[in-house]
Amino acid sequence: SSGKGGGSGSSSGKRDKPDDVNAEIDAYEKLNAAIKEAQHNIDLLKLAQDDLSGQDLIDNLNAQAEAYKQLAQAQNDLLFAQKQERNDLVYDLSQQGFTFTGDFNSANLATNYEEKIQGMYDIYNAMPYATDEDIKKREAYLNNIKSVEDAYKRILSLNEDIYNSEKSY
C-alpha cells in the first residue's frame with residue numbers, strides 16, 4: 001500500500017518560496033513513483049511465476065525478493081520524508097511559542113495551539129487600522145496566522161499519513 005504525501009509550505013521563510021514548495025512536491029511525487037514502480041514490478045513477477053519452473057522459477061523468486069527490498073526501501077524513504085517535513089514544521093511553530101508533544105518518530109500535537117491561535121487573533125483584532133501602513137501590518141499579521149494554521153493542519157495530516165503508512169507496511 002502506498003503512502004500519501006504531497007508537500008506544502010511551512011510557516012517560516014524556510015520553505016515558503018514557491019521553488020522550495022515545488023521541490024518538496026516533486027520529491028514526494030518521486031518517492032510515490034518509486035513505491036508504485038516497485039509494486040508494479042512485484043505484480044509482474046508474480047504473474048509470470050505461475051508459468052515458470054526450475055531455474056527460471058528460482059530466478060523469478062530472487063527477482064521478487066529484490067523487488068520487495070526496493071519496495072521496503074521506497075516506503076521507508078517516503079516515511080522518513082514525511083517525518084522530516086513534520087519535524088521541520090514543528091520546529092517552525094516552536095519558534096513562535098507553540099509547544100508540542102511527541103518526537104521525530106511519534107505523533108506531534110501542540111499542547112497550547114488553541115490558546116496561542118486565540119492570542120494571535122486577539123493581537124490582530126487589537127491592531128490599529130487607521131492608516132494604509134496599519135492595514136498592511138494587519139494583513140501581514142493575518143497572513144502569518146493563516147500560515148500557522150495551515151502548518152498545524154499539515155502536521156496533523158502528516159501524523160495521520162505516517163500512522164497509516166507504518167500500520168500498512
Side-chain angles (χ1 to χ4, degrees), residues 1-42 67-127 133-169:
S1 151
S2 70
K4 287 182 271 190
S8 78
S10 72
S11 62
S12 77
K14 197 192 262 184
R15 290 191 326 245
D16 274 354
K17 295 188 274 320
D19 290 346
D20 292 343
V21 173
N22 289 336
E24 190 173 285
I25 291 169
D26 289 346
Y28 276 116
E29 286 174 355
K30 287 177 184 165
L31 291 167
N32 282 314
I35 290 170
K36 286 180 182 153
E37 181 181 346
Q39 189 61 58
H40 180 72
N41 290 341
I42 291 166
Y68 275 110
K69 284 182 195 172
Q70 290 171 354
L71 176 61
Q73 184 61 54
Q75 289 169 332
N76 285 334
D77 291 348
L78 175 63
L79 200 55
F80 182 81
Q82 290 171 327
K83 287 179 179 182
Q84 187 63 54
E85 180 188 359
R86 178 180 66 188
N87 194 58
D88 291 347
L89 291 168
V90 165
Y91 176 81
D92 292 346
L93 292 185
S94 296
Q95 297 301 300
Q96 296 192 48
F98 290 83
T99 55
F100 285 86
T101 62
D103 60 23
F104 189 80
N105 288 309
S106 62
N108 296 126
L109 299 173
T111 57
N112 62 343
Y113 179 76
E114 295 299 328
E115 164 192 330
K116 289 290 294 176
I117 283 292
Q118 186 57 54
M120 293 174 85
Y121 275 109
D122 290 346
I123 290 169
Y124 169 76
N125 289 329
M127 292 173 82
E133 185 62 28
D134 290 341
I135 292 170
K136 284 181 186 169
K137 286 180 182 175
R138 283 177 61 90
E139 285 176 4
Y141 195 79
L142 184 60
N143 286 337
N144 183 59
I145 295 172
K146 297 293 184 199
S147 68
V148 166
E149 290 172 328
D150 290 346
Y152 192 60
K153 285 178 193 164
R154 181 66 183 148
I155 290 168
L156 296 178
S157 173
L158 285 163
N159 283 341
E160 187 175 331
D161 290 349
I162 291 164
Y163 172 78
N164 289 332
S165 294
E166 289 178 332
K167 194 171 66 170
S168 69
Y169 298 162

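Here, residue 1 is the first one in the sequence, and each next residue gets the next number.
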Test side-chain contact (heavy atoms from CB on, under 4.5 Å) applied to F104 and Q84, step by step: CA-CA 8 Å; F104 189 80; Q84 187 63 54; 3.8 Å; yes
Please confirm whether the backbone N or O of [Y] pairs with a side-chain atom of [X], one donor and one acceptor, at under 3.5 Å?
| X | Y | result |
| --- | --- | --- |
| Y141 | I123 | no |
| N32 | Y28 | yes |
| N41 | L71 | no |
| S157 | K153 | no |

What distance do [X] atom [atom1] and [Y] atom [atom2] have between them, rounded to the nearest 0.5 Å?
| X | Y | atom1 | atom2 | result |
| --- | --- | --- | --- | --- |
| R86 | S106 | CZ | OG | 6.5 Å |
| N76 | E166 | CG | CD | 9.5 Å |
| L156 | D161 | CG | CG | 11.0 Å |
| F80 | Q73 | CZ | CD | 11.5 Å |
| L31 | D26 | CG | CG | 11.0 Å |
| I145 | K116 | CD1 | NZ | 11.0 Å |

Side chain to side chain, E85 and R154, heavy atoms closer than 4.5 Å: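 E85 vs R154: side chains touch.
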Non-hydrogen side-chain atoms of L109 and Y152 separated by less than 4.5 Å: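 Of all side-chain heavy-atom pairs linking Y152 with L109, at least one is under 4.5 Å.
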CD (E37) with more than 12 external heavy atoms under 6.0 Å: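 Counting other residues, nucleotides and ligands, CD of E37 stays at 12 neighbours or fewer.
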Audit row: L93, I155, side-chain contact (heavy atoms from CB on, under 4.5 Å) steps and yes/no: CA-CA 10 Å; L93 292 185; I155 290 168; 3.8 Å; yes
Shortest non-hydrogen separation from [X] to [Y] and the atoms involved:
| X | Y | value |
| --- | --- | --- |
| N159 | A107 | OD1-CA, 3.5 Å |
| A38 | A67 | CB-O, 4.1 Å |
| A110 | F100 | N-CD2, 3.6 Å |
| N112 | F98 | OD1-CA, 3.4 Å |

N143 and E139 side chains, donor-acceptor separation under 3.5 Å: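 Absent: no donor and acceptor within the cut-off.
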Contacts of type salt bridge (Lys or Arg N to Asp or Glu O under 4.0 Å), residue E115, not counting sequence neighbours: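 With sequence neighbours excluded, E115 shows a salt bridge (Lys or Arg N to Asp or Glu O under 4.0 Å) to no residue whatsoever.
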Pair M127-D134, side-chain contact (heavy atoms from CB on, under 4.5 Å): steps then yes or no: CA-CA 8 Å; M127 292 173 82; D134 290 341; over 6 Å; no
Derivation and outcome, side-chain hydrogen bond (donor to acceptor under 3.5 Å, both in side chains), residues D92 and Q96: CA-CA 7 Å; D92 292 346; Q96 296 192 48; over 6 Å; no
